[in-house]
Amino acid sequence: FSFASKQRARPRDVRCPVVGGAMAGWGLDGSSRWLRVQAVLLVGCWAAFAGKLADKSRASNYTRVLARLLDEDRYDPSVSPMVQGEPLQVGVGMKLRRIAVDIHEAKMSVTGFMRMSWLDDRLLFNGSEEITPEWVPMVDFLPSALIDGVEEIVWIPDVQCANCDDQQVDNQGVYIYDQDHAQAQSNQYPFNVYSGRPVKLQAPCLWSMIDFPFDSPSCNLSFWSWMYHGDQLNVTSIEVIASDSVVWDEAKPGKIGSAEYQFVNATVEHILEQYQMVGKVMPWPKVTYVIEMRRKTETYVVNIIIPLACIVLLGNCVFVLPLREGRAGSGERLGYAITLFLTIVAICLFTSGLRPLLSYSVWLDRYQVRCVVLTMIPVAETVVLFYMTNVTEDAKKYLENQHHDFYQHGDRVRVRNFSFEPWREGTVHRCPDKSPTSRESSDAEQKTNVLVQADDDDEPRVWHHCELVRRNRVSEKQEAAVHIAESDFHRDSNVYDEFLVWHRILKGLDRLMHKCGFETSFSKQLSWRAVDQVFRHLYPILCYFALHQLYSDINPAFKVTGHESLEIFGGYSLVQEENVSSRLWNGSAFVLEGLWFVYSAGHLVCWFLLNLLETFLLRRSREKVRKQKQGRMECDDVEGGGQQSDVVEGSDVMPELFQEPRQVGTEPEIDTQPL
């Protein structure tokens, strides 16, 4: 006030151009304007000072109430609170920040916050009366540390992770609420102490990986009290709804998982286990959190599945290369097939580090095994066809040599039917057939009709292998040349025996097909090139059905939605690409495999229908010819009904029409004298 009186005595000495201008605008003179400025400044300073005094008073109230509550004479942190003799309700909750799973060690690592809440009646207070009237029970709290140096200040439940191998808990402090918060009806159970601690947990995680890499791990985290049983402390979840017990950032659920796993959901289960202790069953409550995740499959699809599918697709090109020598690409067929097989084996070896070490086979193992087998089929088919083609050509050459080496009547030869039989010596005996059919045959065909009578046999017969016996002694060089020629001849004879075995098998197959109602002639018309053409169309069908079954077994959650019509392309729905062109590039192997399957299946169906139609028409024509012959025979019987039969009734003489033709001429004598 003295300052104001002095200013009133000399009002024009002090001027404030900014405030004075504003006051002039309000219609006030200089002295009045400055007095009001002083009043405004005084009110502002007093308000600030009063706020600081209130904050200081509130802070002092915090300290005073907290000191009273945690006084050593009335509060013992080593003793657990008991509420009216009932079990203490301790709520446990988790807030997840990051989850990672190691498939090689079968462990899950969790980083987050472990939350606990309980009621401690020794820490009850009235915040609105003891601290400030502006106290909000559901929001305001007293923060307190847990440890002062090495001594505990506040009792905290000894809730630990029951199934964790390693757990790191950072004891930061607790929040102490007042009695109005403990009596609030919105809580599941009354509590006035809340603890939120950062934790790092590592627990074993074993789940069925039979669908790896399209599996969804489900890991558990169990919490219970280490010292108190269920009659003393009951561990339960914080929230009422189980699915809300574990809190995560719903706006960014992908941030919780790791680079390999995506977080899906988390639920909680309250389990009451029973333990037998000194003849008494003690309950031991436990809270188990079930964390569900889903593996990110882009790495496995791009680095393993697509390359294997490409190699299997390229296996179809093996059957396009020719078998016969002298054609372009014939010499590269086997090398190309073996290169594909070795490439697929190398892919399996290089990516073995991405697969878990398990005692059972997973989806990826089955896929790789089928791809290896499918790539091995062209190699085996090429080797077999090369071998059978060589056998057929060598047998044909052997027969040509046998037919062109004309033997004279009376030559001494060595004969046998199979290569494993011993040689037998005999004499060539040509017995040209004098039947009407042989008269019309050429001289060359008659010359090939060679009969050999072995020394121990009574009659001459045809032998498969025939070789001249040397008559004169030759020099050592000539004898070596003869031995080399004989070894080649014997080798060709062994090949001819193998050809006979295959020929008999094919004849048996023809008889079996004839019994089933099909007319086939594999033994006469079989061509290994035709077999290769059949394999050319069977191989894509086999690949499609072998791999499409595995694609169908994948969980639909790992497939791209909205492409159900593209299931014919197998693994095309596994390509996780938003861009259509990128998806088409990455899934081109699956698309081509599906198109090749459609083409081959259509080709084989058309071929089967044409052969079925041909068989039906052939049967129909044969039935028609048979009926015509039967009609002619009936007409001949009617016309010759009045003629006398050649067979006398009661006589055993056969009519001349049905008698066997008599042999014309006599057989030549066999020269049994040694040459």
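As the structure is a computational prediction, the values presented were derived from the model and not from experiment.
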Practice task
Tell me, with the steps shown, if Asp365 and Tyr360 meet side chain to side chain contact (heavy atoms under 4.5 Å, CB included).
Solution key: CA-CA 9 Å; Asp365 295 335; Tyr360 53 89; over 6 Å; no
Problem - Trp207 versus Asp215, side-chain donor and acceptor atoms under 3.5 Å - result: yes
Practice task
Evaluate the side-chain proximity of Met293 to Asn265: yes if any heavy-atom separation is below 4.5 Å, no if none is.
Solution key: no
Exercise for the section: First locate atom OG of Ser552, then atom CG of Leu550, and finally report the distance between them rounded to the nearest 0.5 Å. Expected result: 8.5 Å
Practice task
Can you measure from OG1 (Thr297) to CD1 (Ile304) and round to the nearest 0.5 angstrom?
Solution key: 11.0 Å
Practice task
Please determine, by modelled atom types, if Arg333 and Thr382 share a side-chain donor-acceptor pair under 3.5 angstrom.
Solution key: yes
Problem - Donor-acceptor under 3.5 Å (Tyr289 side chain, Cys219 main chain) - result: no
Handout entry: Donor-acceptor under 3.5 Å (Arg536 side chain, Val318 main chain)
Key = no
Practice task
Looking only at non-hydrogen atoms, find the nearest pair between Pro540 and Glu593 and report the distance.
Solution key: O-OE2, 3.9 Å
Exercise for the section: Report yes if some heavy atom in the side chain of Val301 is under 4.5 Å from a heavy atom in the side chain of Ile306; otherwise report no. Expected result: yes
Exercise for the section: Report the distance from atom NE2 of His548 to atom OH of Tyr551, rounding to the nearest 0.5 Å. Expected result: 9.5 Å
Handout entry: Residue pair Val268 / Thr288, side-chain heavy-atom distance below 4.5 Å
Key = no
Problem - Exam field: side chain Asn611 to backbone Trp607, donor-acceptor pair closer than 3.5 Å - result: yes
Problem - Aromatic ring proximity, centroids under 6.0 angstrom, Phe212 and Tyr300 - result: yes
Exercise for the section: Take atom CD of Glu459 as the centre, draw a 6.0 Å sphere, and report whether it contains more than 12 heavy atoms from other residues, nucleotides or ligands. Expected result: no
Problem - Check: Trp585 main-chain N/O paired with Ser588 side-chain donor or acceptor under 3.5 Å - result: yes
Exercise for the section: Rounded to the nearest 0.5 Å, what's the gap from CZ on Phe263 to CD1 on Ile291? Could you check? Expected result: 6.5 Å
Practice task
Would you name the heavy atoms of His104 and Arg355 that are closest together and state the gap between them?
Solution key: CE1-O, 3.6 Å
Problem - Interatomic distance, Leu385 atom CG to Trp528 atom CH2 [nearest 0.5 angstrom] - result: 7.0 Å
Practice task
Identify whether the distance between the nearest side-chain nitrogen and carboxylate oxygen of Glu623 and Arg620 falls below 4.0 Å.
Solution key: no
Exercise for the section: State, to 0.1 Å, how close Val362 and Met209 come at their nearest heavy-atom pair, and which atoms those are. Expected result: CG1-O, 2.9 Å
Handout entry: Under-4.0 Å salt bridge between Asp510 and Lys515
Key = no
Practice task
Is it possible for you to check whether Arg461 lies under 6.0 Å from the centre of the six-membered ring of Trp463, through NZ or CZ, and within 45° of that ring's axis?
Solution key: yes
Problem - From CA spacing to verdict: salt bridge (Lys or Arg N to Asp or Glu O under 4.0 Å), Arg424, Asp457 - result: CA-CA 10 Å; Arg424 298 175 61 184; Asp457 294 345; 3.0 Å; yes
Problem - Nearest-0.5 Å distance, CG of residue Leu547 to SG of residue Cys371 - result: 5.0 Å
Exercise for the section: Determine, step by step, whether Tyr261 and Ile103 satisfy the side chain to side chain contact (heavy atoms under 4.5 Å, CB included) criterion, reporting the C-alpha distance in whole Å, the side-chain angles of both residues, the deciding distance to 0.1 Å, and the verdict. Expected result: CA-CA 11 Å; Tyr261 293 93; Ile103 61 175; 2.7 Å; yes
Practice task
For residues Glu381 and Tyr539, determine if any side-chain heavy atom of one lies less than 4.5 Å from a side-chain heavy atom of the other.
Solution key: no
Exercise for the section: Show the numbers, then the answer: is there a side chain to side chain contact (heavy atoms under 4.5 Å, CB included) between Gln549 and Phe545? Expected result: CA-CA 6 Å; Gln549 179 186 1; Phe545 283 108; over 6 Å; no
Handout entry: Short N-O contact, Glu260 and Arg294, less than 4.0 angstrom
Key = no
Fill in the blank from the handout: Heavy-atom closest pair (Val415 atom, Trp423 atom, distance to 0.1 Å) is N-CE3, 3.6 Å
Practice task
Answer whether the closest heavy-atom distance between the side chains of Phe558 and Ser216 falls below 4.5 Å.
Solution key: yes
Practice task
Go through the steps for Trp502 and Thr392 under the test side chain to side chain contact (heavy atoms under 4.5 Å, CB included), then give the verdict.
Solution key: CA-CA 10 Å; Trp502 282 100; Thr392 305; over 6 Å; no
Problem - Ring centroid separation Tyr572 to Phe590 under 6.0 Å - result: no
Practice task
Determine yes or no for a side-chain-to-main-chain donor-acceptor pair under 3.5 angstrom, with Asn163 supplying the side chain and Asn220 the backbone.
Solution key: yes
Practice task
Compare every heavy atom of Val110 with every heavy atom of Met108, then report the nearest pair and how far apart it is.
Solution key: CE-CG2, 3.8 Å
Practice task
Check whether any side-chain heavy atom of Leu313 lies under 4.5 Å from a side-chain heavy atom of Asn316, and answer yes or no.
Solution key: yes
Exercise for the section: Using modelled atom types only, decide if a donor and an acceptor are shared between the side chain of Asn586 and the backbone of Val575 within a distance under 3.5 Å. Expected result: no
Exercise for the section: Count the heavy atoms belonging to other residues, nucleotides or ligands that lie under 6.0 Å from CD of Glu292, then report whether that count exceeds 12. Expected result: yes
Exercise for the section: Decide yes or no for Asp165 and Pro204: does some side-chain heavy atom of the first lie under 4.5 Å from some side-chain heavy atom of the second? Expected result: yes
Handout entry: Contact check, side chains of Cys164 and Gln202, non-hydrogen atoms, under 4.5 Å
Key = no
Handout entry: Non-hydrogen atoms of Ala309 and Tyr367 that approach each other most closely
Key = CB-OH, 3.7 Å
